[in-house]
Each structure stands twice: as structure tokens, then as C-alpha cells.
Amino acid sequence: GEDVEQSLFLSVREGDSSVINCTYTDSSSTYLYWYKQEPGAGLQLLTYIFSNMDMKQDQRLTVLLNKKDKHLSLRIADTQTGDSAIYFCAEKGRNFNKFYFGSGTKLNVKP
Amino acid sequence: NAGVTQTPKFRILKIGQSMTLQCTQDMNHNYMYWYRQDPGMGLKLIYYSVGAGITDKGEVPNGYNVSRSTTEDFPLRLELAAPSQTSVYFCASSPGGLAGGNSYEQYFGPGTRLTVT
């Protein structure tokens, strides 16, 4: 299968920006997604980006895509304690029914 | 709309027992998926379905079976439970069938935590 990799942990102070990084191997990826998982809950879609875009902004969230390096990042501005969760990167390849998820980055926001 | 519902929330099985994890969605989505999430790992696709009567294997199908007799329901069956199947199981659905990234947005259920001892 495809490889999607993320660092496991990130700790920031409330009010700072958080940047969560993801790398993937499938150069034919069409869409890339960021999901958020709160404790004991399923995953919730935060945002997605089409592979022909470099950047997408949605309120406090900014997604950057470097297709040449196969690198995706999620920036959360003015991080709040409620942003503490696990963030998953996922990519959808040309086989449109299959998605590949990273192992998740646990974001800890300190007050 | 209730979204995606899964039952049970928790279950402990003995080795060799069988069980069915239930998944129902009320959004009239075409696509449904079963994933497992092992500790510290990402989600691995077990099986998926693009519509009633159609199912296909994902990355880790061994030891599992599925059926899709209706649009709403996508049960996952474990026939002979093994300790390696201890995991959290998530069901998801998506509209599918249309262009655009949001047609593939997956809506997840709350998960079933399964322990096999």
C-alpha cells in the first residue's frame, strides 16, 4: 500500500501556531485530507486540498501542499486548548475507493 | 440525521468466538468502509462497498467478512476471533459518485473497541 507518515507528537502553548507535517509516497494522489480525532470519538474531516493546489485557507487552518516533495502541512493559527486532539493526514489515490491514513499526530496544547 | 452509528461500543471476545459489528448510516451514502485502528497506528482499510450488493477487499481483509444488502447497513463479521484482531473498528460512509474532494469526505462512526483474549 501507499505510505503516509507523520510525526507522533506536537506540543505547543495556547495562542501559538501549530504546524503538523505529513509526507506521502503516491505521486498520483488526487486529494489530501486532514482529519481530527478527539478522545473516544471517530474522525472528523477538517479540510482537504486538491492535488493541483498549493495552499488552502479556512479560518484558522492553512494547508500547504508541496507536490514535488510530496509534503503536506496543516497550520493552526492561535491554537486553543480545544484543538488538543490527534490529527490524521490521508490521501486518496487514483483508485478512487481507497484512502491511506498516516498514524496521526497527537497535538497537546498547554494553557 | 444520526449520521453513522455503530454497535456495540465495547466488546470482549474469547479466542475462536464469532461476532458481527453493526454499522448503519442514514445519509443515503453510496460508499461505506470498515477500518481498524491499532494503538499508535493509522487506520487500515478492511473492506469497502460502493453500493448495495457490491463489496471489495481493502488492505487487511483476512479474518473478516462483510455484506451490503441495503444502502444503509454494512455489517462486519469476525468468524474466528484471534488476539491479533484486538483493535478499535471504525465504520465510515461517503457520498461518492461525484467529482470533487468533498464527495469523498468520509463520515465516521464513534467506533467499536474490541478485545480478544
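Please read all numbers here as calculations on a predicted model, not as lab measurements. Chain letters run A, B, ... following the sequence lines, proteins first, then strands; residues in each count from 1.
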Path from B/I12 to B/L21 over hydrophobic side-chain contacts below 4.5 Å: no

Side chain / backbone / both / neither for A/Q6 at chain B, heavy atoms under 4.5 Å: neither

B/M27-B/F74 co-clustered via ILVMFWY side chain contacts under 4.5 Å: no

Within 6.0 Å of NZ in A/K110, more than 12 heavy atoms from elsewhere: yes

Donor-acceptor under 3.5 Å (A/Y35 side chain, B/Q106 main chain): yes

Atom pair CZ/CG of B/F108 and A/L45 - distance to nearest 0.5 Å: 9.0 Å

Flag if over 12 foreign heavy atoms under 6.0 Å of NZ, A/K56: yes

Heavy-atom pairs under 4.5 Å with chain A, option from B/P110, B/A92, B/G58, B/C91 with the top count: B/P110

CD/A/Q57: more than 12 non-hydrogen atoms of other groups inside 6.0 Å: yes

Same apolar cluster (I L V M F W Y, side chains within < 4.5 Å links), B/V60/B/Y47: yes

Toward chain A, the part of B/Q6 with a non-hydrogen atom under 4.5 Å: neither

Ring centre gap for B/Y35 and A/F101 strictly below 6.0 Å: yes

Nearest heavy-atom neighbours spanning B/L43 and A/F88: CD1-CE2, 4.2 Å

